[in-house]
Enquirer: 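The structure follows.
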Amino acid sequence: MAKRRLRNRKVRYVAIGAALATGGAVITLLPSANAADAKTPDQIMTMCERSAVVNGEQRSVEDFGGAFADGFQADNCDYVETNFETFDGPTEKASIDFPNCEPNATDPAKVSLTWSSTAAQGQGKYVSTQQGAAGGLFGFLSGSWSKHKGTLDMTVKSATAGDTEARDVPVGKVLHMEFTPKLQRMTGEWRVRIDAREQTTVLPASPEQNFVAPDVVEGPVILPGAAGAPGVVDGTSKAVLEDC
């Protein structure tokens, strides 16, 4: 009898916040899910993708490539945003070198310098742009993403910043441009629910089950484009001079 009580005992798993910072896989099982129903984050995301309703949108099994006989793995899945922040991304060299290193050079060299830098758009822990807007879950994040100022459609894989500038290169120096993009990070949770079931003549009753998988999505901050053109990456460009 003791062993049976132990198997039926409900267990609560608590997600440790530090695991998000270290990139560890974290799942939270709400009290209504017992230890026998534990799922990995990838399993939870599969359940989410195959839910009957995702972010309030009623779905068909055809939406995730399933057949009628496959059915749904869960009743509902919602993405709930918990935090949003902006920060400076990594600084990258954005142009070729423009030297003024001739032995007999006496005056600054005037150059027309073109630079360009590209930032990846929408990279998540479990979802990415490769899933596209129609297949997978990435399109469902666009609503949360686009409510923040200056963001780009998440189904676009990358965005670019660039310009052409006139610069003077002093004697004995090599000039190049660097660009530091401004990035943004959206933290949230995919919450999957399987509704409670009443007992039937064929199946026993089952309680409501809830599963949670945290996700972190990053992408560039986007400035509005001119005259309807696509937006460009926000950030800071800087001319860098080095000795020949």
Side-chain angles (χ1 to χ4, degrees), residues 20-24 83-139 141-188 215-244:
L20 278 178
T22 59
N83 190 42
F84 193 90
E85 57 189 320
T86 58
F87 57 97
D88 287 338
T91 298
E92 296 183 353
K93 187 175 181 179
S95 75
I96 63 173
D97 290 332
F98 292 84
N100 188 5
C101 300
E102 294 296 329
N104 58 350
T106 58
D107 297 315
K110 295 185 179 297
V111 299
S112 178
L113 182 155
T114 299
W115 62 271
S116 178
S117 181
T118 299
Q121 167 71 6
Q123 298 299 316
K125 196 175 185 65
Y126 304 114
V127 293
S128 68
T129 50
Q130 280 66 40
Q131 290 184 305
L137 296 170
F138 204 79
L141 288 178
S142 290
S144 298
W145 192 251
S146 62
K147 76 180 183 182
H148 298 287
K149 183 179 179 180
T151 58
L152 191 67
D153 180 352
M154 294 189 80
T155 61
V156 178
K157 293 185 178 181
S158 64
T160 302
D163 201 358
T164 298
E165 306 177 18
R167 294 276 183 171
D168 289 339
V169 185
V171 175
K173 297 291 184 180
V174 179
L175 171 70
H176 71 264
M177 295 296 294
E178 291 183 348
F179 182 73
T180 304
K182 186 174 291 295
L183 301 181
Q184 53 197 11
R185 178 184 294 127
M186 182 171 68
T187 303
D215 208 352
V216 179
V217 179
E218 294 184 355
V221 176
I222 304 298
L223 296 172
V232 296
V233 178
D234 191 10
T236 304
S237 62
K238 181 176 70 173
V240 177
L241 291 170
E242 298 176 335
D243 293 335
C244 293

Enquirer: Between His176 and Ile96, is there a side-chain heavy-atom distance shorter than 4.5 Å?
Expert: no
Enquirer: Evaluate Phe98 against Met177 for side chain to side chain contact (heavy atoms under 4.5 Å, CB included), listing each step before the verdict.
Expert: CA-CA 10 Å; Phe98 292 84; Met177 295 296 294; over 6 Å; no
Enquirer: Working to the nearest 0.5 angstrom, can you tell me the gap between Leu183 CG and Asp88 CG?
Expert: 8.0 Å
Enquirer: To the closest 0.5 Å, what do you measure between CZ (Phe179) and OG (Ser95)?
Expert: 13.0 Å
Enquirer: Taking the side chain as every heavy atom from C-beta outward, state whether Pro108 and Val169 have any atom pair closer than 4.5 Å.
Expert: no
Enquirer: Which residue pairs satisfy the side chain to side chain donor-acceptor pair (under 3.5 Å) criterion with at least one member in residues 231-241, sequence neighbours excluded?
Expert: none
Enquirer: Got a sec, which residues hit side chain to side chain donor-acceptor pair (under 3.5 Å) with Thr114, two or more places apart in sequence or on another chain?
Expert: Thr164
Enquirer: Under the side chain to side chain contact (heavy atoms under 4.5 Å, CB included) rule, collect the residues that match up with Val174, sequence neighbours excluded.
Expert: Asp97, Pro99, Cys101, Cys244
Enquirer: Thinking salt bridges, do Glu178 and Lys93 make one under a 4.0 Å N-O criterion?
Expert: no
Enquirer: Could you work out, with side chain to side chain donor-acceptor pair (under 3.5 Å) as the rule, every residue matching Asp243, not counting sequence neighbours?
Expert: Lys173
Enquirer: What closest approach, in Å, do Pro220 and Ala159 show between heavy atoms, and which atom pair accounts for it?
Expert: CG-CB, 4.4 Å
Enquirer: Is the backbone N or O of Thr106 less than 3.5 Å from a side-chain atom of Asn100, with the two atoms forming a donor-acceptor pair by type?
Expert: no
Enquirer: Check the pair Val216, Arg185 against side chain to side chain contact (heavy atoms under 4.5 Å, CB included), reporting the backbone distance first and the verdict last.
Expert: CA-CA 7 Å; Val216 179; Arg185 178 184 294 127; 3.5 Å; yes
Enquirer: Given side chain to side chain contact (heavy atoms under 4.5 Å, CB included), test Ser116 with Thr160 step by step and report yes or no.
Expert: CA-CA 7 Å; Ser116 178; Thr160 302; 3.4 Å; yes
Enquirer: So which heavy atom on Ala119 is nearest to which on Val233, and how close?
Expert: CB-CG2, 4.2 Å
Enquirer: Can you name the side chain to side chain donor-acceptor pair (under 3.5 Å) partners of Ser158, sequence neighbours left out?
Expert: none
Enquirer: Listed by chain and number, what are the side chain to side chain donor-acceptor pair (under 3.5 Å) partners of Glu165, not counting sequence neighbours?
Expert: Trp115, Arg167
